[in-house]
Protein chains: 2
Amino acid sequence: MRHLLPLHYIDTVARSGSIRRAADKLAITSTALNRRILAMEEELGVPIFERLPRGVRLSTAGELMIQHIRSQIADMERVKSQIADLSGARRGHVSIVCGQALMPHFVSEQIALYRREHPAVTFSVRVCDRKEAIEQLTSFDADIAMVFEPFRTAEFHPLGRVEQPLRAIMAASHPLAEKKKLGWSDLLSTSVVLPTPSNGMRYLLDDAMLRKGDVLKQVIESDNHDFIKNYLIHEHCVSFQLPIGLGAEGEILSREIEQRVVPHGNLYVAQLKGRILPVAAALFGHAVVKELEARYAAPVELVNPVDAIQ
Amino acid sequence: MRHLLPLHYIDTVARSGSIRRAADKLAITSTALNRRILAMEEELGVPIFERLPRGVRLSTAGELMIQHIRSQIADMERVKSQIADLSGARRGHVSIVCGQALMPHFVSEQIALYRREHPAVTFSVRVCDRKEAIEQLTSFDADIAMVFEPFRTAEFHPLGRVEQPLRAIMAASHPLAEKKKLGWSDLLSTSVVLPTPSNGMRYLLDDAMLRKGDVLKQVIESDNHDFIKNYLIHEHCVSFQLPIGLGAEGEILSREIEQRVVPHGNLYVAQLKGRILPVAAALFGHAVVKELEARYAAPVELVNPVDAIQ
DNA sequence: TCAGCATATGCATTTTATGCATCACTGCAG
DNA sequence: CTGCAGTGATGCATAAAATGCATATGCTGA
């Protein structure tokens, strides 16, 4: 929309950290962009950017401004999506961030399902850790986040939650594959491959190790679950995965872990607090929550018992 | 701000109901305005206004758009006020609607108090009934509403509440002035002057009459409390007022009414739900709530008992 | 049918935004 | 210390956009 072009300009400069770089992205000259920013600052009465020798940085006022700007741009998208919805055809774009490499199986399935109903809705999916996920929400770059054991912040507004117990995964030939349920001693008896600390599963595992006062024999750490899964074929190690991230059982099997050893974690579907989502995003989020709760029976809601009854 | 000029144009047209009238207010020609609107509709892909023989009216899409526009404009004000606050000087404007003619005594006092601290903050005060008050909030024309027994709607977000029992007012020479506390039979024994039905006090009185199956001897109905108060000097009638609306006792006295006869009502200070108020408005609202609760002991909060303890 | 008032549109003019060339400044590598 | 690369700011000519005037067009109600 034309009228928020100036806002988009400022947003781009803030993201680029330099007027010239932003000007390149926006396909205008740096002088034009510079002058628009000077004009905006003139209007506002205070500088939006601090001028540094190697570019610009948001001032305190600019921080306030940029939040406003991003919310306005996102809200305009919402309005457009609602207007499009009036004429029957649901259109728009849904931007999703999901916490780990485990989600894509589920997410891709859900997106395909949604797009079968509404082919005019487009999607973008990014995988990142839970801290980044919340940043993406607050910067209005993502509409919906799906994360495991997120940091609780004021910005985070859960749309739904399901419990996910950690499961141990290993090659079919691994000795522990003969047991149905693994205890702490079983885990100690083998080498393990752990996800990086930014991962929610790692958080639960570190916590378990701290409580037990014992450390697992970690041989490899990786942020890529595909790599981990492939590695298990070559060496008799154990790693971990959530039920939702498990594919079909083939060379790699999964086994239950006793709950008192590693407590169950929570998988959240969430949006930015206070924001009204575009129609498509809101409905997709709703559909995902419904499906999750159908697959993994919704836990009893502790915050408000009355709601759980309905 | 320049970038929301187009939005302001649309807002003005929506309020004026005609492009020409809006153009006059905006001090531009109707052709220029017309073309900007056509351009916006082009961009949006759907008409914002329905063209009628006697002007224009918002289309369904326009209704969505205008809500967005007003929130944008109001939110920009908020940002400006927050930025102004950064540099120490609190500036800005607070727009208040109060439910009845009873409030102005209290409100004027509170505004004076606030302005003594922050002389750069300006105020506008409008008196209207509770239905209009909520409309003013939703159209972003008012930041804060102070109303007695409002309609409960989803848009209404209470910042504070105090109980206000109705009191009977009358001339000092009225026979009932000799009693300290009036019952239903006392009220039936005299003529009464009632506020109009849009008034929250009237709502409680009508309710009482319905329950008792008896009607008061209403001789005059008026929406103007000053008129009512003056009239009581000339004829021995009884009327009603809230404690907060009572001035100093002179020719007109007030007497308590038994609670089981007319139940206590609630006075609310409220804002539009989901909106973030400008700094000045938020702090003024807070100050008012605090003062009200100091004067009329805050009632026990029923919704969430935990909060009341703190 | 016609007067009255509404929105739309063609065209000349004014205002605004853009691009080019250039300046002034800073940090860094040699 | 010096030159280089990279930054934002500014003067001026040009391109684009908004505006105003005159006028067309469309509808209602008497």
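Order of the sequence lines fixes the chain letters, A, B, ..., with proteins taken first and strands second; residue numbering starts at 1 for each chain.
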J.: What nucleotide among C/dT18, C/dG10, C/dT26 has an atom nearest to a side-chain atom of B/Arg35?
T.: C/dG10

J.: Does A/Leu52 reach a base, just sugar-phosphate, or nothing at all? Heavy atoms under 4.0 Å.
T.: nothing

J.: Taking all heavy atoms of A/Arg15 and all of A/Ser139, pick out the closest pair and write down the distance.
T.: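 Smallest heavy-atom distance, with atoms named: NH2-O, 3.7 Å.
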
J.: Students should find this one: the first and last nucleotides of DNA chain D, 5' to 3', lying under 4.0 Å from a heavy atom of chain B. What are they?
T.: D/dA18 to D/dT28

J.: Name the nucleic acid region contacted by A/Arg54, choosing base, sugar-phosphate or nothing; use a 4.0 angstrom heavy-atom cut-off, strictly under.
T.: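 Base contact.
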
J.: Quick one: A/Leu38 CG to C/dT18 C1', roughly how many Å, whole number?
T.: 14 Å

J.: How long is the line joining CG of A/Asn34 and C1' of C/dC20, in whole Å?
T.: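 Answer to the nearest Å: 14 Å.
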
J.: What contact category does A/Arg20 fall into here, base, sugar-phosphate, or nothing, at under 4.0 angstrom with non-hydrogen atoms?
T.: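 Answer is base: heavy atoms of A/Arg20 come under 4.0 Å of a base.
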
J.: Pick the nucleotide of DNA chain D nearest each of B/Thr31 and B/Arg36; which residue has the one closer to the 5' end?
T.: B/Arg36

J.: Would you say the side chain of B/His157 lies within less than 4.5 Å of the side chain of B/Leu272, judging by non-hydrogen atoms?
T.: no

J.: In whole angstrom, give the distance that lies between atom CG of B/Leu33 and atom C1' of C/dT9.
T.: 15 Å

J.: Evaluate the side-chain proximity of B/Gln271 to B/Leu159: yes if any heavy-atom separation is below 4.5 Å, no if none is.
T.: yes

J.: I'd like to know whether A/Phe140 forms a side chain to side chain contact (heavy atoms under 4.5 Å, CB included) with A/Ser71, so could you lay out the CA-CA distance, the side-chain angles of the two residues, the decisive distance to 0.1 Å, and finally the verdict.
T.: CA-CA 7 Å; A/Phe140 294 88; A/Ser71 105; 3.3 Å; yes

J.: Less than 6.0 angstrom from the centroid, inside 45 degrees of the normal: does B/Arg115 satisfy that with respect to the ring of B/Phe284?
T.: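 No, B/Arg115 does not sit over the ring of B/Phe284.
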
J.: Might you point out which heavy atoms bring A/Arg130 and A/Asn199 nearest each other, and give the distance in Å?
T.: NE-C, 4.1 Å

J.: How many Å lie between CD on A/Glu50 and C1' on C/dT26, as a whole number?
T.: 16 Å

J.: Report the residue (B/Pro53 or A/Arg21) whose heavy-atom-nearest nucleotide on DNA chain D is the more 5′ of the two.
T.: A/Arg21

J.: For B/Gly55 and A/Thr29, find the nucleotide of DNA chain C closest to each by heavy atoms; which residue's nucleotide sits nearer the 5' end?
T.: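 Checking each residue's closest nucleotide, the 5'-ward one belongs to B/Gly55.
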
J.: In this structure, how many angstroms lie between the P atom of C/dC23 and the CZ atom of A/Arg51, rounded?
T.: 22 Å

J.: Take atom CG of A/Leu5 and atom C1' of C/dT16, then tell me their distance rounded to the nearest Å.
T.: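 For the pair A/Leu5 CG and C/dT16 C1', the rounded distance is 14 Å.
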
J.: For A/Ser30, report the nucleic acid contact type (base, sugar-phosphate, nothing); a contact means any heavy atom under 4.0 Å.
T.: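 Counting heavy atoms under 4.0 Å across all strands, no contact is made by A/Ser30.
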
J.: Just by distance, with hydrogens left out, do A/Ser16 and A/Lys25 show a side-chain donor and acceptor under 3.5 Å apart?
T.: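 Distance-only check passes for A/Ser16 and A/Lys25.
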
